[in-house]
Protein chains: 2
Amino acid sequence: MVSPVKRLPRAVREQQMLDAAVRVFSRRGFHAASMDEIAEHAGISKPMVYAYLGAKEDLFIACLRREASRLIEAVTGAAGGDLPPDEQLWRGLRAFFGFVGAHREGWTVLYRQARGQEPFSREVAGMRARMAEVIAVLLGRAVAAAGQRASESDLEVMAYALVGASESLADWLVDHPTEDPERAATRMMNIAWLGADQLLRGATWRPSR
Amino acid sequence: MVSPVKRLPRAVREQQMLDAAVRVFSRRGFHAASMDEIAEHAGISKPMVYAYLGAKEDLFIACLRREASRLIEAVTGAAGGDLPPDEQLWRGLRAFFGFVGAHREGWTVLYRQARGQEPFSREVAGMRARMAEVIAVLLGRAVAAAGQRASESDLEVMAYALVGASESLADWLVDHPTEDPERAATRMMNIAWLGADQLLRGATWRPSR
DNA sequence: GAGCGTACCTACTCGGGCGTAAGGTTACGC
DNA sequence: GCGTAACCTTACGCCCGAGTAGGTACGCTC
């Protein structure tokens with residue numbers, strides 16, 4: 001007579017738990033979030049969470065992985081095919097900012113959480129490395145198409161700069177709810193591509209003196 | 001007979017405590033760091049820490065502020081004067097990467113910690129905003145010098161992208177101890193300035209279709 | 001309609017670590 | 001020399017929240 005509590009198959013409950021966990025973790029942060037609150041949000045009791053998804057750290061990592069794979073899938077899916085490099089980059093950025101815009105508060109916050117916290121930073125570093133690698137390859141193709149050469153490490157550094165700039169703009173986007181994600185992507189593309197294009201042509205800046 | 005424990009004036013002890021706190025916080029992270037360990041590292045007992053610097057959060061904020069003000073001072077000091085904008089940016093970047101290089105592990109880790117953790121993220125956001133503002137002004141001067149115009153928000157966005165890219169390269173620098181900070185600054189300058197220069201001339205990228 | 005496995009619960013234990021109460025001891029002013 | 005203020009300590013209270021023990025109810029199969 002209290003709450004009827006529908007019985008549901010495991011797979012469904014796991015997703016509900018993850019949904020709840022993402023919300024609570026992003027609101028409160030990893031440490032301030034309590035397992036009790038997550039369980040309550042999921043409409044379930046705490047031991048179920050432990051039974052299905054393990055300890056608190058495991059749960060957080062599960063959240064991280066689910067959201068990360070969604071993001072990466074969105075980006076690589078959009079940037080696939082064999083279009084010219086700038087078009088690929090553009091589509092990738094659009095997908096990225098679209099994702100962030102759609103999940104404002106959710107994903108970014110989780111991501112920010114994880115970057116500092118020791119058990120998780122390796123996880124995040126891995127994701128970033130994968131993203132950077134994709135971009136580095138893309139830049140490499142652009143260089144080759146322009147008939148130039150560039151060292152591996154130069155490409156890597158540029159890719160990391162691009163990733164960092166995009167993350168930063170993603171934060172900015174979250175803080176400016178009226179801003180259109182598409183527009184943010186365009187802005188990022190302008191900054192990234194005009195600089196990249198110059199570099200790919202062999203231009204370099206040097207101190208004036 | 002046990003440990004002689006020199007008595008020291010407050011100002012000195014406070015600095016020792018902050019030194020210890022920065023080390024422990026960056027090693028362990030905010031939550032995993034214990035006040036006992038910090039006190040021990042400082043060669044003092046716990047109640048002294050509370051007496052001088054307050055609760056754990058206060059202590060962390062004190063660390064953050066001290067390190068941040070050192071960084072900002074280094075950057076703005078280096079970029080001062082009325083040199084041409086690219087020269088100013090270059091000097092600022094050099095100071096930034098020099099600082100990070102000299103404090104590998106220390107500052108960056110602390111900074112990463114703080115960005116996610118709720119009570120501190122506002123603090124960090126404020127610092128970033130100050131940095132971005134400085135850069136935005138600088139870019140604005142460059143635009144004006146080129147006889148062009150740019151909206152406030154365009155400049156702001158570019159500044160944030162630049163800050164994000166620099167942060168990202170700073171992380172990369174920390175993970176590559178053999179890399180020279182000066183070189184990292186040059187790389188960043190190339191990426192930033194060539195793109196900026198193009199934008200300032202009124203160039204824009206647009207989708208091919 | 002008995003049995004069995006899976007979903008689910010209430011109600012605890014237990015440890016870690018923040019913050020403090022209450023009391024010693026050294027230096028410095030006069 | 002003696003008070004007093006600042007330095008410094010040991011030793012504890014106490015809360016909070018992760019994780020678990022042990023048991024109940026539901027529904028599916030034959």
Side-chain angles (χ1 to χ4, degrees), chain A residues 1-64 113-114 117-120, chain B residues 1-64 113-114 117-120:
Chain A
M1 197 241 143
V2 256
S3 53
V5 182
K6 281 272 197 179
R7 274 167 170 242
L8 293 175
R10 174 165 182 157
V12 176
R13 270 280 134 82
E14 280 185 351
Q15 291 308 310
Q16 292 180 345
M17 288 175 188
L18 287 175
D19 291 340
V22 167
R23 286 188 47 180
V24 175
F25 278 136
S26 32
R27 277 219 220 302
R28 305 247 189 261
F30 177 75
H31 277 93
S34 78
M35 293 299 267
D36 295 85
E37 187 179 358
I38 291 170
E40 190 182 1
H41 257 79
I44 216 68
S45 73
K46 200 168 44 160
M48 287 308 298
V49 181
Y50 280 88
Y52 283 176
L53 294 168
K56 196 181 184 185
E57 286 192 2
D58 301 325
L59 177 58
F60 190 84
I61 288 184
C63 293
L64 212 53
Q113 293 292 325
Q117 238 69 274
E118 208 13 87
F120 314 122
Chain B
M1 202 258 296
V2 257
S3 54
V5 182
K6 281 274 196 176
R7 279 171 166 236
L8 294 174
R10 173 164 184 157
V12 176
R13 271 278 135 84
E14 280 185 352
Q15 292 308 311
Q16 293 180 345
M17 288 176 188
L18 287 175
D19 291 339
V22 167
R23 287 189 46 180
V24 175
F25 279 136
S26 31
R27 277 218 219 305
R28 305 246 189 261
F30 177 74
H31 276 93
S34 78
M35 293 298 268
D36 295 84
E37 186 180 356
I38 291 170
E40 190 182 1
H41 256 81
I44 217 69
S45 72
K46 199 168 46 161
M48 287 310 298
V49 181
Y50 280 88
Y52 283 175
L53 294 168
K56 197 181 182 183
E57 285 193 3
D58 302 325
L59 177 58
F60 190 84
I61 288 184
C63 292
L64 212 53
Q113 292 292 325
Q117 237 69 274
E118 208 13 88
F120 314 123

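So you know, we letter chains A, B, ... as the sequences are listed, proteins then strands, and number each from 1.
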Donor-acceptor contact below 3.5 Å, side chain A:K56 vs main chain A:F30: yes
Integer-rounded Å distance: C:dG17 P and B:I38 CD1: 12 Å
Sugar-phosphate only, base, or nothing, as touched by B:A33 at under 4.0 Å among non-hydrogen atoms: sugar-phosphate
B:R10 CZ - D:dC8 P separation (whole Å): 11 Å
Other residues, nucleotides, ligands: >12 heavy atoms within 6.0 Å of B:Q16 CD: yes
Touch class at under 4.0 angstrom, heavy-atom based, for A:S45 against every strand present: base
Under 4.0 Å protein heavy-atom contact, by nucleotide of nucleotides 19-30 of chain D - B base, S sugar-phosphate only: BBB---BB----
Given C:dC18, D:dT9, C:dC9, the nucleotide with the shortest approach to the side chain of B:M48: D:dT9
Evaluation steps, side-chain contact (heavy atoms from CB on, under 4.5 Å), between B:E57 and B:F120: CA-CA 9 Å; B:E57 285 193 3; B:F120 314 123; 4.2 Å; yes
Spacing of B:E37 atom CD relative to C:dG19 atom C1', expressed in whole Å: 18 Å
Pairwise side-chain contact, A:M48 with A:M17, heavy-atom cut-off 4.5 Å (strictly under): yes
Least distance between heavy atoms, B:A62 atom then B:L18 atom: CB-CD2, 3.8 Å
Protein-nucleotide distance (A:R28, atom CZ; D:dA18, atom P), rounded to Å: 12 Å
Integer-rounded Å distance: D:dA18 C1' and A:F60 CZ: 17 Å
Ionic contact status for B:R28 with B:E37, cut-off 4.0 Å: yes
Reported CD-to-CD distance for the pair A:Q117 and B:Q113, which is rounded to 0.5 angstrom: 6.5 Å
End-to-end axis angle, where each axis spans five pairs of the helix from C:dG1-D:dC30 to C:dC30-D:dG1, to 10°: 10°
Nearest-0.5 Å distance, CG of residue B:D19 to NE2 of residue B:H41: 11.0 Å
Whole-Å distance separating the NE2 atom of A:H31 from the C1' atom of C:dG16: 12 Å
Between C:dC8 (P) and A:E14 (CD): distance, integer Å: 11 Å
Protein-nucleotide distance (A:E40, atom CD; C:dC9, atom P), rounded to Å: 12 Å
Rounded distance [0.5 Å steps], CD in B:E14 versus CG in B:L59: 10.5 Å
Any A:R13 side-chain N or O less than 4.0 Å from OP1/OP2 of C:dT6: no
